[in-house]
Amino acid sequence: MSNIRHALTARRADDFAQWYQEVISAADLAEESGVRGCMVIKPWGYGIWERIQRLLDDRIKATGHENCYFPIFIPLSNFEREAQHVEGFAKEMAVVTHHRLIADGEGGLIPDPEAKLEEPLVVRPTSETIIGDAMARWVQSWRDLPLLTNQWANVVRWEMRTRMFLRTTEFLWQEGHTAHADEAEAREHTLRMLEVYRACAEDDLALPVIAGEKPENERFPGAVETWSIEAMMQDGKALQAGTSHYLGTNFSEAANINYQDREGQQALCHTTSWGVSTRMIGGIIMVHGDDDGLRVPPRIAPWQVIILPMLRDKPEDAALLEYCEGLRAKLAGRSALGEPVRVLLDRKPGKAAAKRWDWVRKGAPIIIEVGSRDMDAGTVSFLRRDRLWADNGKPDFSAPAIEAAAEDVPHLLEEIQAELFRQAEERREANITRGLDSFDAVAEFFTSNGKYPGWVEVQWSKPTGAELDKIVERLKSLKLTIRNVPSQSAAADAACIFTGAPATERILLARAY
RNA sequence: CGGGGAGUGGCGCAGCCUGGUAGCGCAUCUGCUUUGGGAGCAGAGGGUCGCAGGUUCGAAUCCUGUCUCCCCGACCA
């Protein structure tokens with residue numbers, strides 16, 4: 001441990017925030033853009049997003065949705081229709097007021113006062129209102145329901161404090177919007193999509209999550225119920241990795257989404273919306289990253305296997321490349337985790353040993369180095385990113401025969417996928433504390449439990465309104481938030497830690513991103 | 001938005017207090033050597049010192065404004 005020369009300089013245990021940023025630049029995921037809170041997502045980072053998109057898009061379509069695209073500009077007045085919604089988003093909306101620039105006479109450009117928009121346009125922070133307009137047109141009869149739509153888009157929220165991937169001014173996401181004939185079906189759909197997110201997070205991104213309902217104070221503006229999946233980062237903080245909302249008839253009333261039912265009566269639709277964003281990538285970094293950089297779960301790795309020939313800039317290189325190309329072709333013809341293996345033969349000039357560390361930092365799951373000695377012996381030098389270091393403090397290479405390596409890669413990728421999930425889940429379980437039976441015990445726990453205290457699960461009587469507000473204030477003094485009411489947790493059997501009344505459910509308390 | 005810190009070749013930094021025309025390490029390029037584990041030596045290229053004003057004979061350095069980033073807070077699906 002001590003004399004390992006890690007690929008990063010920052011350490012998770014010392015300065016988690018600095019480590020996080022170093023991973024982003026060292027793994028070549030993204031960089032700053034010069035515009036406040038906006039980032040350039042580089043090929044490796046965007047490649048990961050494309051993988052997430054593809055896998056999640058399949059899941060969304062498999063549950064009956066169709067993709068659409070709605071405009072990025074929304075008339076300001078659309079937002080005025082739903083009171084909670086306006087209140088929630090008014091503070092963070094970017095507004096377009098002009099459609100032309102003119103010279104200011106001093107070499108610069110200014111918005112042309114003559115080209116002022118009659119009604120300002122808002123850059124969408126989310127699309128409930130504009131999609132609601134469309135739904136009102138598209139839904140006429142009970143036969144049009146349910147209406148199941150989704151869009152992949154960018155949105156803008158003018159946040160006070162931004163962080164790469166976790167909270168950026170502009171971010172990429174998917175937002176699903178559905179309309180249903182009745183409440184029961186809409187509520188059921190809200191949970192169905194939450195389950196899609198859970199499966200995507202756990203099975204595709206190897207992120208263990210806890211699904212549950214958000215408390216009243218954490219609801220999406222305009223929602224009747226908000227549900228989330230919460231993931232634990234390596235510093236013990238929580239990250240809301242996806243949300244699903246039952247919107248009741250709030251948006252239907254605002255946009256007149258109604259239909260004629262079987263009896264010929266007009267009725268309001270019940271709607272839902274749900275989304276996950278590029279924030280997921282921040283979660284992947286903070287759950288799977290280590291002191292050598294990122295570790296990308298095989299299912300979402302743009303390249304799962306990197307072949308690095310040990311080129312010597314000599315005529316023998318041709319034979320070595322041929323040997324490597326044979327391996328590449330063999331691997332590319334195999335499948336793992338239900339898809340063809342994604343394998344890159346990295347022919348770029350440079351020493352394999354130096355390039356290896358670039359791929360370690362990027363987190364490619366398997367790195368195969370091949371030199372002339374391997375070729376002569378019919379072997380390769382094989383390295384797993386999830387088991388990088390041997391006990392001697394050096395990279396833990398194995399030397400399988402080339403055929404055996406080609407044979408093993410698919411199940412090794414499956415094993416790495418499972419191993420990343422297992423490690424994350426084990427860490428999370430080790431860092432959820434249960435059984436604290438008073439607010440004082442919680443306070444004591446969080447003030448005396450070091451830098452990364454994790455989460456606690458406590459019982460409460462689900463207070464509402466002003467009583468809840470007071471509790472939220474008390475929690476704030478400990479920098480804690482109520483994450484959600486885990487759907488899977490056991491029934492309550494004790495007293496509420498806030499009110500002393502008999503508890504009705506269990507909640508997770510954590511510091512959060 | 002409040003408090004604190006910072007912006008100097010691709011990356012990391014020194015220089016700033018005490019103004020005199022820009023330097024180090026890594027990376028890059030060339031050559032030679034080396035060749036199975038993040039190569040060595042020599043040479044070279046690359047910077048309007050975030051941006052805009054001001055003070056001054058002269059500004060990376062002093063003053064003002066502004067933009068961006070980081071940390072803490074407030075805020076936040």
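Quantities reported herein were computed from a predicted structural model and do not represent experimental measurements. Heavy atoms only: backbone and side chains are in, while hydrogens, waters and symmetry mates are out.
Counting non-hydrogen atoms under 4.0 angstrom, P395(A) reaches nothing in the nucleic acid. As judged by a 4.0 angstrom heavy-atom cut-off over every strand, S372(A) is placed among the base-contacting residues. T243(A) comes within 4.0 angstrom of a nucleotide base, judged by non-hydrogen atoms across all strands. Within 4.0 Å (heavy atoms only), S381(A) reaches at least one base atom of the nucleic acid.
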Expected rows: protein N/O vs nucleotides 66-74 of chain B N/O, under 3.5 Å:
unit_1 : atom_1 : unit_2  : atom_2 : d
C69(B) : OP1    : G37(A)  : N      : 2.6
C69(B) : O3'    : E32(A)  : OE2    : 3.4
C70(B) : O3'    : Q21(A)  : OE1    : 3.1
C72(B) : OP2    : R161(A) : NH2    : 2.4
G73(B) : OP1    : K479(A) : NZ     : 3.1

Could you pull out the protein-nucleic contacts involving nucleotides 27-35 of chain B (nitrogen or oxygen on both sides, under 3.5 Å)?
unit_1 : atom_1 : unit_2  : atom_2 : d
U35(B) : O2'    : R312(A) : NE     : 3.4
U35(B) : O2'    : R312(A) : NH2    : 3.2

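A salt bridge does not link E473(A) to K470(A): none of the charged nitrogens lies less than 4.0 Å from a carboxylate oxygen. One finds no salt bridge joining R12(A) and E22(A) here, because no Lys/Arg side-chain nitrogen approaches an Asp/Glu carboxylate oxygen to under 4.0 Å.
Figure legend. U48(B) is base-paired to no nucleotide; pairs are counted as Watson-Crick or G-U wobble with both atom distances under 3.5 Å. Under the Watson-Crick or G-U wobble criterion, with both distances below 3.5 Å, U55(B) has no partner in any strand shown. For A74(B), there is no paired nucleotide, since no Watson-Crick or G-U wobble pair has both relevant distances below 3.5 Å. Partner assigned to A39(B) is U33(B), using Watson-Crick or G-U wobble distances below 3.5 angstrom.
Ring-plane geometry between W274(A) and H65(A) is classed as perpendicular, the angle between the planes exceeding 60 degrees on a 0 to 90 degree scale with a lower cut at 30. Between F16(A) and W19(A), the ring planes are tilted. Angles from 30° to 60° get that label.
Of the N and O atoms on the side chains of W303(A) and D346(A), not one donor lies less than 3.5 Å from an acceptor on the other residue. No donor-acceptor contact under 3.5 angstrom links the side chains of H177(A) and S273(A), judged on distance only. S244(A) and T190(A) form no side-chain donor-acceptor contact under 3.5 Å, judged by distance and modelled atom types alone.
Atom name P, nucleotides G2(B) and G45(B): the rounded distance is 47 Å, in whole Å. Rounded to whole Å, the P atom of G23(B) lies 14 Å from the corresponding atom of U48(B). Going from the P atom of G53(B) to that of G58(B) covers 15 Å, rounded to whole Å.
When side chains are defined from C-beta on, F382(A) does not count as touching D408(A), because their heavy atoms never get closer than 4.5 Å.
By the 6.0 Å contact criterion, CD on E322(A) is open, its count of non-hydrogen atoms from other residues, nucleotides or ligands being 12 or less.
For the segment residues 275-296 of chain A, residues with any heavy atom less than 4.0 angstrom from an atom of RNA chain B are, sorted by number, G275(A), S277(A).
When distances run from any side-chain atom of E92(A) to the nucleotides A39(B), C76(B), G36(B), the shortest one goes to C76(B).
Screening V156(A), V155(A), T162(A) for a side chain to side chain contact (heavy atoms under 4.5 Å, CB included) with E170(A), the sole residue that qualifies is V156(A).
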Could you check S228(A) against Q240(A) for side chain to side chain donor-acceptor pair (under 3.5 Å), going step by step and ending with a plain yes or no? CA-CA 7 Å; S228(A) 74; Q240(A) 178 174 299; 4.8 Å; no
